[in-house]
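Here the structure is laid out as structure tokens; the discussion comes afterwards.
None of the values given here were measured: they were computed from a predicted structure. Computed over heavy atoms, backbone and side chain alike; hydrogens, waters and symmetry mates excluded.
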Amino acid sequence: MSSSVNQPFLAAIQLFVDGSKQEIDEAVRRTGIKILGRLVEMSPVGQPETWQVNQTASAYNTAVREHNAALRDDPANLTKSGRLKRGLRVNDSMDIKKPEGYVGGRFKNNWYVGFDSQPTETNDTPDASGQGSNSRGLAVLEVFRVGQVSTIYFTNNLPYAQALENGHSNQAPGGMVGLTALDAAIYFREAMNEVRNGR
């Protein structure tokens, strides 16, 4: 008889535990999405004009643009209609060297998320927006459940990932992973608040 009296109380406790697990599941998913989003956002995209091999060409091309802009600032160089007089504009540039068919964004599109084992895959598709990485990661994070996963991995397995993490790019001089890891607790608190407030 006492067990039947306790059933509503036990059921209420179980509802609380289940609800708490669901909140934690959602908070961890949201935290993972925030972490992945930050990693993708911070990931540099190849810009051949900034590469060391192209510094002379880039500086020359900038000087030509600035020279032509300065010519337009002097009214003596303009026609009555406000256009630059013939023969004044410098029409010259140096080629920026890059591999044939190069498109930046391969690194940004190579973030993978895995549970309990580090993902090993890579892909050759450039995506400067990072949408591919975000979509793949979201699909993995959607199935997260408390108690079924002990570790979540965020990896980029391209051969030059470590160099970029160590500041090889001017776009991410402090890397990405280390800086994002420093803010992980903040992301979890934000996610927990969002879940508790129903956002």
[Y] and [X], any side-chain heavy atoms less than 4.5 Å apart:
X: V140; Y: Y153; value: no
X: R72; Y: N77; value: no
X: I152; Y: V28; value: yes

Report yes or no: does [X] contribute a side-chain atom to a donor-acceptor pair with the main-chain N or O of [Y] at less than 3.5 Å?
X: N166; Y: Q162; answer: yes
X: N109; Y: G130; answer: no
X: Q171; Y: S43; answer: no
X: D92; Y: V64; answer: no

Please report the shortest heavy-atom distance between [X] and [Y], naming the atom on each side.
X: L78; Y: G82; answer: CD2-O, 3.9 Å
X: S133; Y: K108; answer: OG-O, 2.7 Å
X: G114; Y: P119; answer: N-CG, 3.5 Å
X: E165; Y: V177; answer: OE1-N, 2.8 Å
X: G32; Y: L141; answer: C-CD1, 3.5 Å
X: T31; Y: A191; answer: OG1-CB, 3.4 Å

Test: E121 and R136 ion pair at under 4.0 Å: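 Result for this pair is no, no salt bridge flagged.
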Distance, nearest 0.5 Å, that separates [atom1] of [X] from [atom2] of [Y]:
X: T180; Y: K34; atom1: OG1; atom2: NZ; result: 13.0 Å
X: R29; Y: F144; atom1: CZ; atom2: CZ; result: 8.0 Å
X: E41; Y: M176; atom1: CD; atom2: CE; result: 12.5 Å
X: M192; Y: N197; atom1: CE; atom2: CG; result: 10.5 Å
X: N68; Y: D73; atom1: CG; atom2: CG; result: 11.0 Å
X: N157; Y: W111; atom1: CG; atom2: CH2; result: 9.5 Å

Are [Y] and [X] linked, directly or through intermediate hydrophobic residues, by side-chain heavy-atom contacts shorter than 4.5 Å (ILVMFWY only)?
X: L39; Y: L158; result: yes
X: I186; Y: M42; result: no
X: V146; Y: Y187; result: yes
X: F154; Y: L179; result: yes
X: V143; Y: I33; result: yes

Short side-chain donor-acceptor distance under 3.5 Å, T122 and N110: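 No donor-acceptor contact under 3.5 Å links the two side chains.
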Option passing side chain to side chain contact (heavy atoms under 4.5 Å, CB included) with V195 (candidates Q22, E190, R30):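 When side chain to side chain contact (heavy atoms under 4.5 Å, CB included) is applied between V195 and each of Q22, E190, R30, only R30 qualifies.
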Intermediate values then yes/no, side-chain contact (heavy atoms from CB on, under 4.5 Å), R145 and F115: CA-CA 10 Å; R145 297 291 178 265; F115 296 148; over 6 Å; no
Residue N170 excluded, over 12 heavy atoms near CG under 6.0 Å: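 No, not enclosed.
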Residue D95 excluded, over 12 heavy atoms near CG under 6.0 Å: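 Incorrect, the count does not exceed 12.
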